[in-house]
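Just below is one structure, and these are the notes that go with it.
Owing to the predicted nature of the structure, the values given are computational and were not obtained by experimental measurement.
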Amino acid sequence: PVVHSRHGKPTRRYAYTAPSGQVNFYHDRYEKKGGERKQFAPLTLWRKDGGYEWRFKAPPEPRPLYGLLGLVAFPDAKVWFVEGEKAVEALQKLLPKQPVLCWQGGSQAVAKSDYSPLKGRDCVVFPDNDLPGKKAGNDLAGRLKAAGAGSVCLVDVDKLALVPNWQGENETRTATLINGEPLGVGDDAADLV
């Protein structure tokens, strides 16, 4: 289906694929209408009466991750995690030779995904800049460690407010960091880009 009965036509349809490239399911994004918040709806294929039908229904758990093709394309690179497909695509612009992944369902759904493909991989978690995002980042770090990730680092988003500057003059001039504009509450990798 190209239109959701309540949300209308999605502004973006994200394909969650297996490492082979086969589509596992889609996740549709709907931008704000009037006073509503942005909306999302997973779209999955189900068996029915000897055939198949598409349903706006979450896939069974554990759910595959978004961006698994990057693990195949960059087998030795660090794997970056963000919250949401929009943030994946934004951070991928800054890190074109590293896989960037996310889980489906937002900050409340970290436990619903399959992290086994990250066994032995070094991972970096870039959380959203709010309490649910930071909690999700910590939960994700724990799940990656439990799945056998090689290492797990958590980005301190508060430090992103630091900007490069110079201190001193001529021969004594050195590079330093000074306070800059912090990420806003709720900002993510897409806002940084």
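Distance SG/C102 to CZ/F81: 8.5 Å, rounded to 0.5 Å. Atoms CG and CG, from D28 and L43 in turn, are 5.5 Å apart once rounded to the nearest 0.5 Å. To the nearest 0.5 Å, the span separating OG on S107 from CG on L140 amounts to 12.0 Å.
At least one donor-acceptor pair closer than 3.5 Å links the side chain of D114 to the backbone N or O of S116. A donor-acceptor pair under 3.5 Å is absent between the side-chain atoms of S113 and the main chain of L65, judged by distance alone. Side chain of R121 to backbone of A77: a donor-acceptor contact under 3.5 angstrom is found.
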Worksheet item: Going through the distances and angles, do R29 and K38 end up as a side chain to side chain contact (heavy atoms under 4.5 Å, CB included)?
Response: CA-CA 7 Å; R29 178 187 179 103; K38 65 184 179 237; 3.4 Å; yes
Practice prompt. Verify side chain to side chain contact (heavy atoms under 4.5 Å, CB included) between F25 and Q104, making sure each step is shown before the conclusion.
Written response: CA-CA 10 Å; F25 69 97; Q104 187 270 324; 3.8 Å; yes
Practice prompt. Decide salt bridge (charged side-chain N to carboxylate O under 4.0 Å, His left out) for D130 and K134; before the verdict, give the C-alpha distance in whole Å, the side-chain angles of both, and the deciding distance to 0.1 Å.
Written response: CA-CA 6 Å; D130 55 18; K134 290 176 182 178; over 6 Å; no
Item to complete: Run the numbers on K97 and Q92 for side chain to side chain contact (heavy atoms under 4.5 Å, CB included), then give the verdict.
Response: CA-CA 8 Å; K97 296 190 185 258; Q92 195 71 70; over 6 Å; no
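Y16 is linked by a side-chain hydrogen bond (donor to acceptor under 3.5 Å, both in side chains) to E85, counting only residues two or more places apart in sequence or in another chain. Considering only residues two or more places apart in sequence or on other chains, S20 meets the side-chain contact (heavy atoms from CB on, under 4.5 Å) condition with A18, Q22. A search for salt bridge (Lys or Arg N to Asp or Glu O under 4.0 Å) contacts involving E61 returns nothing, not counting sequence neighbours.
For the pair V157 and F126, the tightest heavy-atom approach, listed with the atom from each and the gap, is CG1-CE2, 3.9 Å. Here the closest non-hydrogen pair linking A15 and V23 is CB-CG2, 4.4 Å. Nearest heavy-atom pair, L68 versus P19, reported as atom, atom and distance to 0.1 Å: CD1-CD, 4.0 Å. The minimum heavy-atom distance between P96 and F74, with the atom names listed, is O-CZ, 3.3 Å. Between C123 and A149, the shortest heavy-atom distance links the atoms SG-CB, 4.1 Å.
Tested against P99, the residues V88, V79, L118 include a single side-chain contact (heavy atoms from CB on, under 4.5 Å) partner, V79. A ring pair (Phe, Tyr, Trp, His ring centres under 6.0 Å) with H4 is found for one member of F40, Y26, Y30 and no other, namely Y30.
In terms of hydrophobic clustering, with Ile, Leu, Val, Met, Phe, Trp and Tyr side chains grouped at heavy-atom distances under 4.5 Å, L154 and V100 are assigned to different clusters. Linking ILVMFWY residues whenever their side-chain heavy atoms come closer than 4.5 Å, directly or via other members, leaves W103 and L91 in distinct clusters. Taking hydrophobic clusters as Ile, Leu, Val, Met, Phe, Trp and Tyr residues chained together by side-chain heavy-atom distances below 4.5 Å, L144 does not share a cluster with V124.
In summary, R12 and E89 engage in a salt bridge, as defined by a charged side-chain N under 4.0 Å from a carboxylate O.
Looking only at side-chain heavy atoms (C-beta outward), V125 and V155 stay at 4.5 Å or farther from each other.
Evaluation of the side chain to side chain donor-acceptor pair (under 3.5 Å) test over residues 72-83, restricted to residues two or more places apart or in two chains, returns W80-Q98. Identified under the side chain to side chain donor-acceptor pair (under 3.5 Å) test for residues 140-156, with sequence neighbours left out: D122-S151.
Surrounding CD of E31 are more than 12 heavy atoms belonging to other residues, nucleotides or ligands, all under 6.0 Å away.
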Name every donor-acceptor pair, under 3.5 Å, that has one atom in a side chain of residues 47-58 and the other anywhere in the protein, sequence neighbours excluded.
residue : atom : partner : partner atom : Å
E53     : OE2  : R55     : NE           : 2.7
E53     : OE2  : R55     : NH2          : 3.2

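Aromatic ring centres of Y66 and H27 lie farther apart than the 6.0 Å criterion allows.
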